[in-house]
Amino acid sequence: PILIARPGLPNSSPFFILSGYITRRRNHFADAERDFSTAFALDPRNPNAYNLLADTYVLQRRFPEAVHVYENVLSAGEQAPIVQFRRASCIQSGTGDTGPLRDILTKYPDMEFAGGQTPARAWMAMLDGNYAEAEHVVNASPRQDFQDIDFSFYYPKSWYQAMIARAKGDSARATVAFRECREILAQRLLVKPEHARTIAVLAQVDAGLGQKDLAIREARHAIDLMPISKDIYDGALVLEGLAQVYTWSGDRDHAIEVLQKLVNMPGYTNYGRLKLHPLDP
């Protein structure tokens with residue numbers, strides 16, 4: 001259908017966005033880049049166009065090009081804080097430099113776009129060893145769920161509460177938060193029983209609860225439901241879940257084996273995240 005429609009929609013930005021979105025998930029990144037670039041050229045102020053183009057570069061670890069997309073948007077007059085936030089996030093992912101991201105979060109203390117900035121603020125506080133601040137940031141938010149690296153899955157607040165407790169060595173609090181998170185994810189699975197991303201996160205939660213065998217089974221089931229051959233985007237994110245299960249279960253050899261696969265395919269496993277993120281080994 002996409003190929004049939006293409007000749008009749010030569011100047012349709014939404015068409016090229018949809019086409020790029022589909023082709024990217026099928027692991028045709030050159031085609032996706034072309035489509036998103038065309039959409040961006042047709043409609044430079046369209047957030048879907050420039051975010052998907054930049055994200056396509058991020059997934060390929062071409063961070064300077066992703067940063068350049070956002071700099072073009074800002075130069076054209078767009079001053080929305082979220083654009084500056086995403087530019088800074090690209091810098092952090094590519095270089096490990098958190099300075100620009102910290103600057104933006106400080107400059108716009110109330111910025112919260114779809115629940116994506118609270119986790120970043122908590123992450124920065126955790127990097128500083130300021131767990132009280134990290135807890136305050138998460139607990140003070142009126143939101144009950146948040147987006148993270150890929151801006152497509154909503155993590156319960158208890159997920160982040162568990163991360164912080166685990167990082168500061170409070171195993172009792174981490175267990176309580178992981179159990180709460182598990183209940184929320186289980187309720188979601190009643191609505192969507194075969195949702196691979198939810199099952200992959202559930203696997204990580206069970207690893208955090210010390211249920212290694214169960215966690216591995218769940219992570220592998222999620223991969224069966226969403227293999228990279230079916231969808232490289234979600235498939236890589238689900239595969240990350242298995243790497244995290246192995247890491248938290250103390251099986252570093254298998255974790256590294258999975259990570260080696262992840263760094264050789266498009267995805268969000270990158271230098272800055274591996275170096276700094278509390279989830280990663």
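Judged by distance alone, with hydrogens and angles left aside, the side-chain atoms of Glu112 form a donor-acceptor pair with the main-chain N or O of Thr118 at under 3.5 Å. Gln187 places no side-chain N or O within 3.5 Å of a backbone atom of Glu183 that could act as its donor or acceptor partner. Judged by distance alone, the side chain of Ser249 and the main-chain N or O of Asp251 form no donor-acceptor pair under 3.5 Å.
The aromatic ring centres of Phe146 and Tyr160 sit less than 6.0 Å apart. The aromatic ring centres of Trp159 and Phe153 sit 6.0 Å or more apart.
Separation of atoms CG (Leu101) and OG1 (Thr106) is listed at 9.5 Å; rounding is to 0.5 Å. Atom OH in Tyr50 sits 15.5 Å away from atom OG in Ser37 (nearest 0.5 Å). Here CH2 of Trp123 is found 8.5 Å from OG1 of Thr98. Values are rounded to the nearest 0.5 Å. Interatomic distance, CD1 of Ile228 versus NZ of Lys261, reported as 8.0 Å (0.5 Å rounding). One finds the OG1 atom of Thr269 at 8.0 Å from the CG atom of Leu237 (value rounded to the nearest 0.5 Å).
Across all their heavy atoms, Phe29 and Pro266 have their closest contact at CZ-CB, 3.4 Å. Across every non-hydrogen atom of Ala122 and Val138, the tightest pair is CB-CG2, 3.8 Å. Minimum interatomic distance between Arg61 and Asn270 (heavy atoms only, all atoms of both residues): NE-CA, 4.4 Å. Here the closest non-hydrogen pair linking Ile199 and Pro193 is CD1-O, 3.7 Å. Arg87 and Leu74 get closest at one heavy-atom pair: CD-CD1, 4.0 Å. Of all heavy-atom pairs between Ala243 and Ala255, the closest is O-CB, 3.8 Å.
Thr56 and Arg24 share a donor-acceptor pair across their side chains, judged by distance under 3.5 Å alone. Checking Gln84 against Tyr108 by side-chain atom types alone, a donor-acceptor pair falls below 3.5 Å.
One finds no salt bridge joining Asp43 and Arg45 here, because no Lys/Arg side-chain nitrogen approaches an Asp/Glu carboxylate oxygen to under 4.0 Å. Using a cutoff of 4.0 Å between basic side-chain nitrogens and carboxylate oxygens, Asp31 and Arg26 are not scored as salt-bridged.
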- [ ] Test Arg86 against Phe113 for side chain to side chain contact (heavy atoms under 4.5 Å, CB included), laying out the working first.
- [x] CA-CA 11 Å; Arg86 288 183 170 170; Phe113 187 86; 4.0 Å; yes
Open item on the list: Working note: Ile82 + Gln117, criterion side chain to side chain contact (heavy atoms under 4.5 Å, CB included); need CA distance, chi angles, decisive distance, verdict.
Closed with: CA-CA 9 Å; Ile82 187 60; Gln117 285 66 59; 3.5 Å; yes
Task: Intermediate values then yes/no, side chain to side chain contact (heavy atoms under 4.5 Å, CB included), Val238 and Leu225 - done: CA-CA 9 Å; Val238 167; Leu225 291 169; over 6 Å; no
TODO: Step by step, work out the side chain to side chain contact (heavy atoms under 4.5 Å, CB included) result for Asp148 and His277.
DONE: CA-CA 11 Å; Asp148 212 294; His277 203 283; 4.0 Å; yes
N/O donor-acceptor pairs under 3.5 Å from side chains in residues 216-223, not counting sequence neighbours:
from   : atom 1 : to     : atom 2 : distance (Å)
Glu218 : OE2    : Arg182 : NH2    : 3.4
Arg220 : NH2    : Tyr246 : OH     : 2.8

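In this view, Lys230 and Met226, Pro227 satisfy the side chain to side chain contact (heavy atoms under 4.5 Å, CB included) rule, not counting sequence neighbours. Every side chain to side chain contact (heavy atoms under 4.5 Å, CB included) that Gln147 has, sequence neighbours left out, goes to Ala114, Phe151, Tyr154. For the ring-ring contact (aromatic ring centres under 6.0 Å, His included) test, no residue two or more places apart in sequence or in another chain qualifies with Tyr57. Take Thr95 and apply the side chain to side chain contact (heavy atoms under 4.5 Å, CB included) test, not counting sequence neighbours, and it matches Ile91, Asp97. Taking the side chain to side chain contact (heavy atoms under 4.5 Å, CB included) definition, one finds that Glu135 meets it with Asn139, Ile164, Lys168, sequence neighbours left out.
A 4.5 Å side-chain heavy-atom check between Asp150 and Arg197 finds at least one atom pair inside the cut-off.
Atom OH of Tyr131 has more than 12 heavy atoms from other residues, nucleotides or ligands within 6.0 Å.
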